[in-house]
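Below: one structure, written as structure tokens.
We name chains A, B, ... by the order of the sequence lines, and we start the count at 1 in each one.
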Number of protein chains: 2
Amino acid sequence: MSRVSQAEARANRQRVVESASRLFRENGVRHVSVADVMQSVGMTQGGFYKQFASKAALVDEATAEAFSGMLRHLAALDGDHAGHDAAWPALIDSYLSPEARDDPGNGCPAAGFAGDFARDPEWRDTYAAGIRDMAGWIAPGDTGLAALSTLVGALLLARATAGSPVSEEILRAARKAAARLTE
Amino acid sequence: MSRVSQAEARANRQRVVESASRLFRENGVRHVSVADVMQSVGMTQGGFYKQFASKAALVDEATAEAFSGMLRHLAALDGDHAGHDAAWPALIDSYLSPEARDDPGNGCPAAGFAGDFARDPEWRDTYAAGIRDMAGWIAPGDTGLAALSTLVGALLLARATAGSPVSEEILRAARKAAARLTE
DNA sequence: GCCTTTAGATTACACTCATGATCTTAGAAG
DNA sequence: CTTCTAAGATCATGAGTGTAATCTAAAGGC
């Protein structure tokens, strides 16, 4: 099979980016091959380089896509609650829940990509922009950055200790601490 | 060359573990091959499986070694300062310094391995034990776990945004927040 | 001094992966 | 309707990697 309509091709490309953004967060950039990504949307690796310059380019788009989804989620939280002061505690509880810990693929890109990007400078601009946006949503200035650090650190530690009782203790401790930080 | 004395072999094995613990923290478990580790101590990969059952076994030992070094460092901090209440602020300042951010190989294993172990359950027991020890040093109970989350999160975010001005902002914001958390 | 043992070197095997050349076929333009 | 084009399939390539068999020479026990 081959040669779909332009609209279909554009839709396929978007599905690749979205699926990649989930796979990369869940399994890490290194653990996910180009073939894995293409298979996840029911295609073969052959057409990949017709749409993307390299795997690195896809990582960049997938990162931006993941942050974009996160910011949509945050905006929706503001809408669902009576003002930002009510939305922030709600974010803390969902962000540091066992469910969020166990679902990195649909979870926070700040946490999902931190481990990979701490080593590789290639995507830091896109990542740094996302971090600024997320911290800015929490609170302006230092407060937002510090609170985001606590959220991301706790989520990563909870994931890396999942299965041990410490994991839940970390989540609980950080939920309390995050609330205190923005008082 | 071959067949060194038993004492030499033991020393070589230890050098492999120590070098691996640095390389893994710096470049990630996946980016460092067995051959890389062996070359870093001036040997070839041939002898590796005479000393270790697998790469995974080395990762486990390297993790334990890294945490052990961290705890030695923390104990030394207690000795260098007038009591634990003075050592903790000193840790905050050194832990969240640009120098620590830029030297992951010799830095905190809680941060250095978090990204890798969040995905792979294989070494979580060793990691969880180290986390407990580090948090216990900071403060007992939830306080220590929350403060450690902030430290680790800020360090990882600062690394993943290194090169951008946000990186320094994160370090500064988290230094203030960490001190507040243990008040 | 001889013999067995074994740390480390050499080499090989079976995979995986990013990249890309080539082929196929159906959309798009005339 | 014909022709050109390009999305996606198939297959190839070259580099890297974990594991391990085999080789070697010196260590360590007798």
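As a whole-Å value, the separation of B:Gln6 CD from D:dA27 P is 12 Å. In this entry the distance linking CD of A:Glu8 with P of C:dA26 reads 13 Å, nearest Å. Rounded to whole Å, atom C1' of D:dA6 lies 15 Å from atom CZ of A:Arg13. Regarding A:Arg10, its CZ atom lies at a distance of 13 Å from the C1' atom of D:dA7, rounded to whole Å. With rounding to whole Å, B:Asn12 atom CG is found 11 Å from C:dA7 atom P.
Counting heavy atoms from C-beta outward, B:Arg132 and A:Pro165 have side chains that approach closer than 4.5 Å.
In terms of modelled atom types and a separation under 3.5 Å, the side chain of A:Arg25 and the main chain of A:Ala110 share no donor-acceptor contact. Between the side chain of A:His31 and the backbone N or O of A:Glu26, no donor-acceptor pair lies under 3.5 Å.
B:Phe52 carries B:Arg13 over the face of its six-membered ring, with the cationic atom under 6.0 Å from the centre and within 45° of the normal.
A single hydrophobic cluster is not seen to contain both A:Val4 and A:Phe48; linkage of ILVMFWY side chains at heavy-atom distances under 4.5 Å, directly or through other members, places them apart.
Residues A:Gly42 and B:Ala7 each lie close to DNA chain D; by heavy-atom proximity, the contact nearer the 5' end of the strand is made by A:Gly42.
Non-hydrogen atoms lying under 4.0 Å from DNA chain D are contributed by A:Thr44, A:Gln45, A:Gly46, A:Gly47, A:Lys50, A:Gln51, all within residues 44-66 of chain A. Remark: nothing in residues 20-41 of chain B comes within less than 4.0 Å of DNA chain C through any heavy atom.
With 3.5 Å as the limit, one finds a donor-acceptor pair spanning the side chains of A:Ser167 and A:Arg101.
Note that CE of B:Met43 and CG of B:Asn12 are 5.0 Å apart. Values are rounded to the nearest 0.5 Å.
Here A:His81 and A:Trp88 keep their ring centres 6.0 angstrom or further from each other.
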